[in-house]
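Below you'll find the structure, written out as structure tokens, and then a few comments.
If you're wondering where the values come from, they're calculated on a predicted model, not measured in any experiment.
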Amino acid sequence: METNRLSELVKSWLYEAGDRIKQALSQPLEMTEKTDRTDIVTNVDREIEQFFVNKIVEYFPNDRVLGEEGTNRYLEQETERTWIIDPIDGTLNFYKQQDYFCLMLAIEQESGESLGFIYELMRDELLWGGEASGVYLNDVLVKPPANQTLVEGIVSLNSGMLLENTFALQTVAKQAIGVRMVGCAGIGIKEVLLGKQAAYISYLQPWDFAAGRIMAKSLGIVVAEMNGQELTMTQRQAVIFATPATYEEIKKMQEL
């Protein structure tokens with residue numbers, strides 16, 4: 001499918017999913033723990049993932065699909081497209097605050113342009129696009145952000161990593177002009193892509209970084225694994241999104 005048609009189709013799915021989530025927020029949410037009390041899933045996470053899977057199967061029945069809440073479809077097969085779904089990123093925020101969460105979809109294409117989508121529903125801000133078509137905030141083209149240094153920029157850090165000083169993040173925090181902890185990978189990544197923050201660092205699963213990584217390519221934002229390993233779509237890794245200048249400064253701190 002041609003890129004414009006594909007992006008418009010996916011955007012319509014995201015807006016429909018957003019309406020479903022807003023309706024769900026008027027009802028009591030059902031919550032269960034996955035690994036511990038901070039890692040939770042709600043009935044809405046599962047329902048929205050299934051909504052996206054149903055749409056993909058309807059329009060692209062032979063495509064691979066990977067979803068946070070258990071969807072694992074055709075991953076061993078060779079297909080033209082792979083869809084990566086995070087139905088609600090920031091579930092703890094969603095459950096406790098009904099805010100500071102987003103929906104994320106990534107489309108990795110073998111032929112044709114890969115596309116990423118990050119939809120911050122409660123602010124009606126949809127960041128979407130790819131390397132060739134450019135990145136848009138709703139319908140406005142996003143310009144590559146300024147190459148901020150660490151001392152000039154705000155950084156968003158994983159709270160546990162900061163408290164334990166993983167990757168010398170306490171030094172990073174002291175050098176930055178400010179530190180933020182939102183608890184939602186999509187929002188943290190979105191802020192870096194829009195030039196509002198200089199870096200975002202956290203432990204991420206593939207569905208947490210896939211959409212942002214696609215858009216970062218056209219905006220000059222570095223996406224890397226903190227240990228220097230290759231990013232994979234099979235495991236949780238320590239990931240940084242940053243301006244080139246901030247990335248180089250942070251990497252030097254790891255070498256001290």
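Two residues are said to be in side-chain contact when any heavy atoms from C-beta on lie closer than 4.5 Å; Tyr136 and Met215 fail this criterion. Contact check for Glu191 versus Ile154: no side-chain heavy atoms found under the 4.5 Å cut-off. With a 4.5 Å cut-off on side-chain heavy atoms, Arg213 and Val239 do not count as touching. The side-chain heavy atoms of Phe101 and Met122, taken from C-beta on, include a pair separated by under 4.5 Å. The side-chain heavy atoms of Ile107 and Phe60, taken from C-beta on, include no pair separated by under 4.5 Å. In this structure, the side chains of Met31 and Val41 stay at 4.5 Å or more apart for every pair of heavy atoms. For the pair Thr32/Arg46, a side-chain contact is recorded, criterion being any heavy-atom separation below 4.5 Å from C-beta on. Counting heavy atoms from C-beta outward, Glu69 and Pro87 have side chains that approach closer than 4.5 Å.
How far CD of Gln23 is from OG of Ser26: 7.0 Å, rounded to the nearest 0.5 Å. For the atom pair Phe167 CZ and Leu169 CG, the distance stands at 7.5 Å (nearest 0.5 Å). Here the OH atom belonging to Tyr95 is positioned 10.0 Å from the CG atom belonging to Asn43, to the nearest 0.5 angstrom. For the atom pair Leu105 CG and Leu115 CG, the distance stands at 10.5 Å (nearest 0.5 Å). Annotation: the span from Glu80 atom CD to Ser111 atom OG amounts to 4.0 Å, rounded to 0.5 Å. Note that the CD atom of Glu164 and the CG atom of Asn158 stand 9.0 Å from one another [nearest 0.5 Å].
Across Ser218 and Pro144, no two heavy atoms sit closer than the pair O-CG, 4.2 Å. The two residues Ile56 and Asp63 come nearest to each other via the heavy atoms CG2-CB, 4.5 Å. Nearest approach of Ala216 to Val223, heavy atoms of both residues: CB-CG2, 3.5 Å. The minimum heavy-atom distance between Gly153 and Ala198, with the atom names listed, is CA-CB, 3.9 Å. Across Leu66 and Pro206, no two heavy atoms sit closer than the pair CD2-CB, 4.4 Å. Of all heavy-atom pairs between Ala106 and Ala210, the closest is CB-CB, 3.6 Å.
In terms of modelled atom types and a separation under 3.5 Å, the side chain of Thr243 and the main chain of Gln148 share a donor-acceptor contact. No donor-acceptor distance shorter than 3.5 angstrom exists from the side chain of Gln237 to the backbone of Glu225, with no hydrogens or angles considered. For the pair Asn227 (side chain) and Gln229 (backbone), a donor-acceptor distance under 3.5 Å is absent. Checking side-chain atoms of Asp39 against main-chain N and O of Asp36 turns up no donor-acceptor pair under 3.5 Å. A side-chain donor-acceptor contact under 3.5 Å links Ser7 to the backbone of Thr3. Side-chain atoms of Lys22 do not come within 3.5 Å of backbone N or O of Ala17 as any donor-acceptor pair.
Under the 4.5 Å side-chain contact rule for hydrophobic residues, Ile85 and Phe94 share a cluster. A single hydrophobic cluster is seen to contain both Val142 and Ile189, as judged by linkage of ILVMFWY side chains at heavy-atom distances under 4.5 Å, directly or through other members. With hydrophobic clusters built from ILVMFWY side chains whose heavy atoms lie under 4.5 angstrom apart, Met181 does not share a cluster with Ile187. Under the 4.5 Å side-chain heavy-atom criterion for ILVMFWY residues, a single connected hydrophobic cluster contains both Val44 and Phe52. Clustering ILVMFWY residues whenever any of their side-chain heavy atoms sit less than 4.5 angstrom apart, transitively, puts Ile250 in the very cluster that holds Leu162.
With respect to Val192, the side chain to side chain contact (heavy atoms under 4.5 Å, CB included) criterion is satisfied by exactly one of Ile221, Leu219, Thr246: Ile221. The residue from Leu127, Ile88, Leu14, Asp89 that alone fulfils the side chain to side chain contact (heavy atoms under 4.5 Å, CB included) condition with Met104 is Asp89. Tested against Trp83, the residues Tyr59, Phe117, Trp13 include a single ring-ring contact (aromatic ring centres under 6.0 Å, His included) partner, Trp13.
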Go through it in stages, so that I can follow the logic: the residues are Glu68 and Lys34, the test is side-chain contact (heavy atoms from CB on, under 4.5 Å), and I'd like the CA-CA distance, side-chain angles, deciding distance and then a yes or no.
CA-CA 12 Å; Glu68 179 180 10; Lys34 291 198 281 189; 3.5 Å; yes
Report the C-alpha separation of Ile240 and Val222 in whole Å, then their side-chain angles, then the decisive distance to 0.1 Å, and conclude whether the side-chain contact (heavy atoms from CB on, under 4.5 Å) test is met.
CA-CA 8 Å; Ile240 178 171; Val222 177; 5.7 Å; no
Kindly indicate, with the supporting measurements, whether the criterion side-chain contact (heavy atoms from CB on, under 4.5 Å) is fulfilled by Gln175 and Glu249.
CA-CA 10 Å; Gln175 289 291 324; Glu249 288 181 81; 5.7 Å; no
Please assess Leu6 against Gln109 for the test side-chain contact (heavy atoms from CB on, under 4.5 Å), listing each intermediate value before the final yes or no.
CA-CA 12 Å; Leu6 179 59; Gln109 299 206 83; 3.7 Å; yes
Criterion salt bridge (charged side-chain N to carboxylate O under 4.0 Å, His left out) on Arg64 and Glu110, from CA distance to verdict:
CA-CA 12 Å; Arg64 288 179 295 206; Glu110 297 297 326; 3.8 Å; yes
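Atom CD of Glu230 is surrounded by 12 or fewer heavy atoms from other residues, nucleotides or ligands within 6.0 Å.
Note on Glu16 versus Arg20: salt bridge recorded, some NZ/NE/NH1/NH2 to OD/OE distance being below 4.0 Å. With respect to Lys217 and Glu113, no salt bridge is recorded, no charged nitrogen being found less than 4.0 Å from a carboxylate O.
In the model, Glu8 has no side-chain atom that pairs as donor or acceptor with a side-chain atom of Asn4 under 3.5 Å.
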